[in-house]
Participant: 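The structure under discussion is supplied below as structure tokens; questions concerning it will follow.
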Amino acid sequence: MTSSPLLVLTTGGTIDKNYFDALSEYQITDSGIPALLAQARVTLPFRVVELMRKDSLDLTDADRALIAAAAREAPESRIVITHGTDTMTDTARVLAAEVPGKVIVLTGALSPARFAETDAPFNLGMAFATAQTAAPGVWIAMSGQVFDGLRVRKDREAGQFVGV
């Protein structure tokens, strides 16, 4: 395992959604990732950079180019990206093509991190572990598994990621 610093890029998605009762809808708010990492007492050096606050269905090619540029230009060689699950695999393909030689792990949640019953802390922990131990490439840490970022899809009916 490595103890080299990790970069965490946040992009929004369900992991950072919050429920506003007055509006009866979910909205992406400030990232809850720093609080999750503090609660987990992570001692590995890391820094968090909020790139955007978007649902992944709203991400554009320009947004994906920004994510890839941030990963490529970062001094860290191990990167965790929090991302909405609906288009996570699309971003994985862009990163695989545009950011060689780094370990990049995408993760998210199927329910917001602010909820009592959420997969967010577990997925984030899996992503941190994967970023420390995996070979260079793009990975997705979801549903209690680590997937090759180019050989996975979201099974919306089952509510989980599955290898292809």
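Scope of the values below: all heavy atoms of this structure, side chains included, with no hydrogens, waters or symmetry mates.
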Participant: Checking Arg78 side chain against Ala131 main chain: does a donor-acceptor pair fall under 3.5 Å?
Facilitator: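 At least one qualifying donor-acceptor pair exists.
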
Participant: Would Leu124 and Val80 satisfy side-chain contact (heavy atoms from CB on, under 4.5 Å), going step by step from the backbone distance to the final call?
Facilitator: CA-CA 8 Å; Leu124 187 59; Val80 170; 4.2 Å; yes

Participant: As an exercise, state the distance from CG of Leu95 to CG of Leu9, rounded to the nearest 0.5 Å.
Facilitator: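 If we round to the nearest 0.5 Å, Leu95:CG and Leu9:CG are 9.0 Å apart.
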
Participant: Would you indicate whether the side-chain heavy atoms of Leu37 and Val48 approach each other to under 4.5 Å?
Facilitator: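 Yes, close enough: below the 4.5 Å cut-off.
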
Participant: Check salt bridge (Lys or Arg N to Asp or Glu O under 4.0 Å) between Arg41 and all other residues, then give those that pass, not counting sequence neighbours.
Facilitator: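 None.
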
Participant: How long is the straight-line distance from CG of Asp86 back to CG of Asp55, given to the nearest 0.5 Å?
Facilitator: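 Going from the CG atom of Asp55 to the CG atom of Asp86 covers 6.5 Å.
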
Participant: Do Leu6 and Leu44 come within less than 4.5 Å of each other through their side chains, counting heavy atoms only?
Facilitator: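 Leu6 reaches Leu44 side chain to side chain.
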
Participant: Show the nearest heavy-atom pair for residues Gly149 and Ala92, with the distance to one decimal.
Facilitator: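 Shortest heavy-atom contact: O-CB, 3.5 Å.
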
Participant: Do the ring planes of Phe147 and Phe161 sit parallel (below 30°), tilted (30 to 60°) or perpendicular (above 60°)?
Facilitator: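 Answer is tilted, since the angle falls between 30° and 60°.
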
Participant: In this structure, are over 12 heavy atoms from other groups packed under 6.0 Å from Phe46 atom CZ?
Facilitator: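 Yes, because the 6.0 Å sphere around CZ of Phe46 holds more than 12 heavy atoms from other groups.
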
Participant: If you round to the nearest 0.5 Å, how far is CE of Met88 from OG1 of Thr82?
Facilitator: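 Spacing of OG1 (Thr82) from CE (Met88) equals 8.5 Å.
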
Participant: Taking all non-hydrogen atoms of both residues, which atom of Val49 and which atom of Arg47 are closest, and how far apart?
Facilitator: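 The pair with the smallest heavy-atom distance is CG2-NH1, 3.5 Å.
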
Participant: I'd like to know if the side chain of Asp155 reaches the main chain of Val162, judged simply by a donor and an acceptor atom lying under 3.5 Å from each other, with no hydrogens or angles considered.
Facilitator: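 Not confirmed, Asp155 side chain does not pair with Val162 backbone.
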
Participant: Evaluate side-chain contact (heavy atoms from CB on, under 4.5 Å) for Met126 paired with Thr107, printing each intermediate quantity in order.
Facilitator: CA-CA 9 Å; Met126 291 266 310; Thr107 195; over 6 Å; no

Participant: Kindly compute the distance separating CD1 (Ile33) from CD1 (Ile81), expressed to the nearest 0.5 Å.
Facilitator: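 It is 12.5 Å, given to the nearest 0.5 Å.
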
Participant: What are the two closest non-hydrogen atoms of Thr85 and Ser56, and how far apart are they?
Facilitator: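 Looking at all heavy atoms of both residues, the shortest contact is N-OG, 4.1 Å.
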
Participant: Sequence neighbours left out, what pairs pass side chain to side chain donor-acceptor pair (under 3.5 Å) with at least one residue falling in residues 134-147?
Facilitator: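 Side chain to side chain donor-acceptor pair (under 3.5 Å) check on residues 134-147 returns no pairs.
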
Participant: Are the side chain of Thr60 and the backbone N or O of Ala62 linked by a donor-acceptor pair below 3.5 Å?
Facilitator: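 Yes; at least one donor-acceptor contact below 3.5 Å.
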
Participant: Please report the shortest heavy-atom distance between Glu50 and Thr10, naming the atom on each side.
Facilitator: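 Scanning both residues completely, I find the closest heavy atoms to be CA-OG1, 3.1 Å.
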
Participant: For residues 88-100, which residue pairs qualify under side chain to side chain donor-acceptor pair (under 3.5 Å), counting only residues two or more places apart or in two chains?
Facilitator: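 Residue pairs passing side chain to side chain donor-acceptor pair (under 3.5 Å), neighbours aside: Arg64-Thr91, His83-Thr91, Asp90-Arg93.
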
Participant: Do Val94 and Ile140 share a hydrophobic cluster (ILVMFWY, side-chain heavy atoms under 4.5 Å, transitive)?
Facilitator: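 Unlinked, Val94 and Ile140 end up in two clusters.
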
Participant: Any side-chain donor-acceptor pair under 3.5 Å between Lys102 and Ser77?
Facilitator: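 Side chains of Lys102 and Ser77: no pair found under 3.5 Å.
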
Participant: Write down the atom of Ala68, the atom of Val99, and the distance for their closest heavy-atom approach.
Facilitator: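 Nearest heavy atoms, Ala68 then Val99: O-CG2, 3.5 Å.
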
Participant: Got a second to check how far Ile79's CD1 is from Leu7's CG, nearest 0.5 Å?
Facilitator: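 If we round to the nearest 0.5 Å, Ile79:CD1 and Leu7:CG are 5.0 Å apart.
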
Participant: Could you grab the distance from atom OG1 of Thr11 to atom CE of Met52, nearest 0.5 Å is fine?
Facilitator: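 Rounded to the nearest 0.5 Å, the OG1-CE separation comes to 6.5 Å.
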
